[in-house]
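Side-chain atoms are counted along with the backbone in the values below, which use heavy atoms only and exclude waters and symmetry mates. Chain identifiers are assigned alphabetically (A, B, ...) following the order of the sequence lines, protein sequences preceding nucleic acid strands; residue numbering begins at 1 within each chain.
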2 protein chains.
Amino acid sequence: MEEERADAARNRKAILEATDELFANSDSPGEVSMDDIARAAGVGKGTLFRRFGDRRNLIQQVYAVRLAPLREQIEKGPAPLGPASPPRERVSAIIDAIAVVKLENAHLMLALEGGSGPTNDLYESTDYVAVHGLLRDLVASEFGKSRASWIAHSLLANIRADLLGYLVNGEGMSHSDIRSSLRDFVAHTLDH
Amino acid sequence: MEEERADAARNRKAILEATDELFANSDSPGEVSMDDIARAAGVGKGTLFRRFGDRRNLIQQVYAVRLAPLREQIEKGPAPLGPASPPRERVSAIIDAIAVVKLENAHLMLALEGGSGPTNDLYESTDYVAVHGLLRDLVASEFGKSRASWIAHSLLANIRADLLGYLVNGEGMSHSDIRSSLRDFVAHTLDH
DNA sequence: TGACAAACGGACTGTCGGTCCGTATCATGA
DNA sequence: TCATGATACGGACCGACAGTCCGTTTGTCA
């Protein structure tokens with residue numbers, strides 16, 4: 001890894017922060033343009049694209065920051081999220097925790113899942129693949145292998161950003177309403 | 001309803017057919033532009049927009065044509081899709097039938113659900129609201145009212161166009177694999 | 001401090017959804 | 001059949017946006 005020049009580091013930080021804030025305050029992710037982000041970060045557009053390549057990747061970087069603590073917990077934290085946790089409870093805890101992150105970062109998540117790009121690659125993104133694989137493996141011992149994969153997809157489908165957003169804004173559910181319905185649903189899904 | 005002039009009728013038909021075909025043959029819905037459609041239909045762009053208002057609505061009209069037979073079956077057809085069918089089987093049949101339509105019209109469905117527009121309004125679309133309401137009512141007697149709504153969302157989340165597309169293209173599942181996994185899943189979801 | 005690599009920034013490009021308006025076509029009734 | 005008004009046509013045009021290019025500035029290090 002090469003050393004990063006001081007101005008480059010400063011700008012990268014400014015861009016990430018500006019992006020985060022702009023999405024958080026926007027009504028819809030589509031109304032935040034790359035020009036907006038560049039202006040808010042006090043940076044030229046060229047800098048933005050040189051650093052992050054394209055819009056999707058920029059959003060993904062911001063998201064990675066937000067997700068880091070959860071990832072840490074899941075990978076090496078204590079129960080119920082960590083590896084020592086019994087599979088059932090771990091699955092349930094992971095789904096709940098992801099839902100919380102998505103509820104707290106609704107606009108950002110929508111920007112990412114909503115697929116601004118032409119290719120819809122949510123299911124091919126490394127994050128999705130990783131969490132799907134983990135969930136699948138956790139339920140594989142109780143259900144068949146192929147059944148486990150389906151269940152993992154299904155659980156994740158229940159916490160898609162746009163669905164959560166609709167439940168909040170369209171049906172007026174509170175975060176705790178959603179979490180408790182979700183908990184029931186996951187429990188039922190994992191029952192035989 | 002006003003009478004439609006002969007050339008207008010001819011053009012509307014040409015546009016709908018061209019749109020259907022272009023989406024069916026495209027790799028990704030994003031690569032079909034309104035100019036492409038106008039050219040393929042042998043029509044000016046103005047005509048396209050005068051007739052259909054905007055891209056989303058045009059796609060929705062094409063989709064409506066494809067969906068009409070299923071809608072007919074559900075509204076007034078015989079069991080298992082029609083109103084006379086016992087709720088459980090009806091729910092299962094409806095989910096299966098929708099999945100089939102989506103699998104057969106994958107590109108079109110992706111264009112519609114993928115939300116080319118800035119506003120993600122899948123959950124507010126009349127079609128979604130209608131089918132969600134129907135499913136909810138069908139399971140409401142067995143589950144609580146609010147629980148029923150969640151289950152309906154959940155069932156529909158399992159047959160989102162992009163998920164189905166990924167199962168086919170990314171995981172190499174056949175249509176019948178998917179339908180049978182889905183059938184099992186729905187049955188389990190509706191079990192107490 | 002000088003010199004060069006690295007980074008900057010904003011004008012520029014290509015494309016797309018959607019609009020506008022002068023022109024062509026259809027329907028009607030005399 | 002033809003005049004006439006209403007309706008529809010079509011493609012040049014517009015504004016916005018993601019992404020590129022390159023002349024200019026800035027940081028680094030000897």
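A/N11 has a side-chain polar atom (N or O) that falls below the 4.0 Å cut-off from OP1 or OP2 of C/dC8. Between D/dC17 and A/R55, no contact under 4.0 Å exists linking OP1 or OP2 to a side-chain N or O. Between B/T47 and the phosphate of D/dG10, there is a side-chain N or O to OP1/OP2 separation shorter than 4.0 Å.
Scanning for side-chain hydrogen bond (donor to acceptor under 3.5 Å, both in side chains) contacts around A/N169 gives an empty result, with sequence neighbours left out. Residues meeting the side-chain hydrogen bond (donor to acceptor under 3.5 Å, both in side chains) test with A/T47, sequence neighbours left out: none. Legend: residues meeting side-chain hydrogen bond (donor to acceptor under 3.5 Å, both in side chains) with B/S174, ordered by chain and number and at least two apart, are B/S176, B/D177. For A/D54, there are no side-chain hydrogen bond (donor to acceptor under 3.5 Å, both in side chains) partners two or more places apart in sequence or in a different chain.
Identified under the ring-ring contact (aromatic ring centres under 6.0 Å, His included) test for residues 155-175 of chain B, with sequence neighbours left out: A/Y123-B/Y166, A/H153-B/Y166. Pairs engaging residues 70-79 of chain B under the side chain to side chain donor-acceptor pair (under 3.5 Å) rule: B/R71-B/D127 [sequence neighbours left out]. Residue pairs meeting the side chain to side chain donor-acceptor pair (under 3.5 Å) criterion with at least one member in residues 93-103 of chain A, sequence neighbours excluded: A/D96-A/R179, A/K102-A/E113.
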Problem set entry | Under 4.0 Å protein heavy-atom contact, by nucleotide of nucleotides 21-30 of chain C - B base, S sugar-phosphate only | ----BSS---

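Residues from residues 36-46 of chain A placing a heavy atom under 4.0 Å of any atom in DNA chain C, listed by number, are A/V43, A/G44, A/K45, A/G46.
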